[in-house]
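In what follows, every chain begins at residue 1, and chains take the letters A, B, ... in the order their sequences are listed.
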Amino acid sequence: MKDCIDCAIRSRAVQTLTPEEFNIHRENCAELELEAGESIFKEGQLSSHIAYLKSGLAKIHKKGIKGTDQILKIVKPSHYIGLQTILLNKVHQYSSSVIEKSVVCYVDIHSFKDLITRNANFANELILHMCEDEMSYFNRFVNVHQKQINGRLADSILFFFDEIAHSNKFVIPLSRADIAALICSTRESVIRSLKDLIDMGAIKVQGKHFEVINKELLISISNKG
DNA sequence: GCATTAACCACAG
DNA sequence: CTGTGGTTAATGC
């Protein structure tokens with residue numbers, strides 16, 4: 001069993017804990033390695049644990065009316081998933097799955113609550129985390145509703161380029177249908193829009209392998225909407 | 001009206 | 001699952 005003591009990417013919240021509190025925390029953690037496509041938790045399940053993504057990538061998705069899930073956000077490492085359920089609900093209101101091989105830490109919800117009441121700095125960091133989360137949702141909301149599909153797609157490609165990848169070439173581990181679910185569109189429109197961006201000379205695409213050719217162009221497409 | 005945009009559908013690889 | 005083409009509905013000029 002892995003131990004929190006060895007964890008190289010402790011969250012900022014956990015870094016505020018005293019040794020005694022840290023011991024409480026590490027006794028209520030379990031680290032799991034998940035393969036691409038495996039679920040972290042599912043909408044409708046009891047929320048006994050929250051998740052902390054240590055490595056890999058995850059998506060947060062929620063069932064819609066039409067059967068297909070809507071992707072609410074892509075989660076990067078060193079971020080929590082499911083914090084809302086701590087105080088809000090006993091049942092998960094959305095699902096989360098990893099989209100590439102990932103390492104996830106499950107933290108018992110009761111010990112987490114306990115630490116919030118014990119340590120104000122810990123709580124503070126969690127609030128900060130949730131504020132950042134909410135701002136990202138605000139921005140996405142405006143973008144998705146005001147931009148046309150090329151702008152939305154450019155946005156998402158720039159997200160993976162700026163925040164996930166650290167080179168011009170990178171993999172977006174999502175199917176075309178998943179990209180559509182992320183930018184509120186359809187598989188067909190994503191394919192057409194990708195072709196547009198390729199024809200404009202902004203990107204190159206081979207399957208899930210993307211290469212940014214002209215970042216300025218992508219940004220201008222994103223800004224123009 | 002006419003053009004643009006994007007969803008829906010069917011079908012092929 | 002991915003890509004293509006045709007059709008269709010909504011919206012803007």
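Side-chain contact between A:Glu31 and A:Lys54: present, with at least one pair of heavy atoms (C-beta onward) separated by less than 4.5 Å.
Aromatic ring centres of A:Phe22 and A:Phe122 lie farther apart than the 6.0 Å criterion allows.
Applying the 3.5 Å distance criterion, the base of B:dC8 shares no donor-acceptor pair with the side chain of A:Glu188.
Atom CD1 in A:Ile149 sits roughly 17 Å away from atom P in B:dT4 (whole-Å rounding). One atom, CD of A:Gln148, and another, P of C:dT11, lie 14 Å apart when rounded to the nearest Å. The distance from atom CD of A:Gln206 to atom C1' of C:dT2 is 15 Å, rounded to the nearest whole Å. Rounded to whole Å, atom C1' of B:dA6 lies 17 Å from atom CD1 of A:Ile179. As a whole-Å value, the separation of A:His145 NE2 from C:dT11 P is 15 Å. Rounding to whole angstrom units, CG of residue A:Leu174 and P of C:dC1 are separated by 12 Å. A:Arg187 has its CZ atom 12 Å from the C1' atom of C:dG5, to the nearest Å. In this structure, A:Phe210 places its CZ atom 10 Å from P of C:dT2, rounding to the nearest Å.
Looking only at atom types and distance, the side chain of A:Ser11 has a donor-acceptor partner in the side chain of A:Tyr80 under 3.5 Å away.
Contact between the side-chain N/O atoms of A:Lys208 and the OP1/OP2 oxygens of C:dC1 is not found at any separation under 4.0 Å. Applying the 4.0 Å criterion to OP1 and OP2 of C:dG3, one finds that A:Arg176 has a side-chain N or O inside that range. A sub-4.0 Å separation between OP1 or OP2 of B:dA6 and a side-chain N or O of A:Thr186 is absent.
Comparing C:dG6, B:dC9, B:dA6 against the side chain of A:Arg192 picks out C:dG6 as the nearest. The A:Ser175 side chain lies nearest to C:dT2 when the options are B:dA10, C:dT2, B:dA6. Proximity note for A:Ser189 (side chain, C-beta onward) versus B:dA7, C:dT2, C:dG5: the nearest is B:dA7.
Backbone-only contact: A:Ser185 has heavy atoms under 4.0 Å from sugar-phosphate atoms and none from a base. Within 4.0 Å (heavy atoms only), A:Ile191 reaches at least one base atom of the nucleic acid.
Within 6.0 Å of the CZ atom in A:Arg118, the count of heavy atoms belonging to other residues, nucleotides or ligands exceeds 12.
The side-chain hydrogen bond (donor to acceptor under 3.5 Å, both in side chains) test with A:Tyr94 singles out one residue from A:Gln84, A:Glu43, A:Lys62, and that residue is A:Gln84.
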